[in-house]
Amino acid sequence: MSLVESLVETPHDAESRAWLAALRATGPEHEDAVARLHALLLRAARFEVARRRPTLAHLRGDDLDDIANQAADDALMSVLRRLDDFRGASRFTTWAYKFALLEAAVKLRRRAWQGRELPLEPESWTLFASSALEPHAELEQ
């Protein structure tokens, strides 16, 4: 068996199999698994938000908590959509945790630029009106 085949056929550990079974189940077992997964993703998102907090001085605590909740919600939906993509190269919780970290990071990067304005003085606008930017200027010369 080649290395690629062995990676593709990596058996899931018992904990990962339990997660997958519960998330694919119906009824109370599924609802409980989704709630536990959301709690895990929320912890991951809060961790990422707290890690990046020093660079986000313009955001308040409520804003940061809201971002963490949104990231956890979006990560939950992504994980549930991609359950069949889980290969077992890592534990299921590690795999899912990465979704929350990514969602939180993306939301924070977008938020970092929100409400920021780059003031330009009127004399700066002449730089944008350069003849090099106008395609018909070369023809006139």
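Computed from a prediction, not measured in an experiment: that's the story for all the values here.
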Closest heavy-atom pair and its distance - [X], [Y]:
| X | Y | value |
| --- | --- | --- |
| Ala45 | Ala68 | CB-O, 3.5 Å |
| His30 | Ala25 | CB-O, 3.2 Å |
| Ala100 | Ala44 | CB-CB, 3.6 Å |
| Ala22 | Ala33 | CB-CB, 3.5 Å |

request  = Enter the distance from Asp66:CG to Lys107:NZ here, rounded to the nearest 0.5 Å.
outcome  =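 Going from the CG atom of Asp66 to the NZ atom of Lys107 covers 10.0 Å.
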query = Could you state the interatomic distance from CG (Leu108) to CD (Glu48), rounded to the nearest 0.5 Å?
reply =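 The distance works out to 7.0 Å.
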message = Just checking Arg91: does its CZ atom have more than 12 heavy atoms from other residues, nucleotides or ligands closer to it than 6.0 angstrom?
response =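 Atom CZ in Arg91 is not crowded, with 12 or fewer foreign heavy atoms closer than 6.0 Å.
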task = Please assess Arg36 against Asp32 for the test salt bridge (charged side-chain N to carboxylate O under 4.0 Å, His left out), listing each intermediate value before the final yes or no.
result = CA-CA 6 Å; Arg36 288 185 300 123; Asp32 179 55; 3.4 Å; yes
task = List, by chain and number, the other hydrophobic cluster members for Leu20, where Ile, Leu, Val, Met, Phe, Trp and Tyr join if side-chain heavy atoms come within less than 4.5 Å, directly or indirectly.
result = Trp19, Leu23, Val34, Leu37, Leu40, Leu41, Phe47, Leu76, Val79, Leu80, Leu83, Phe86, Phe92, Trp95, Tyr97, Phe99, Leu101
Candidate pair Asp73 and Met77, rule side-chain contact (heavy atoms from CB on, under 4.5 Å), full reasoning = CA-CA 6 Å; Asp73 293 346; Met77 299 310 295; 5.8 Å; no
query = Do we see a donor-acceptor contact under 3.5 Å between the side chains of Gln70 and Asp74?
reply =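 Their side chains do not contain a donor-acceptor pair, so the 3.5 Å distance test is not met.
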message = Test: salt bridge (Lys or Arg N to Asp or Glu O under 4.0 Å). Region: residues 20-30. Which pairs qualify, not counting sequence neighbours?
response = Arg24-Asp84
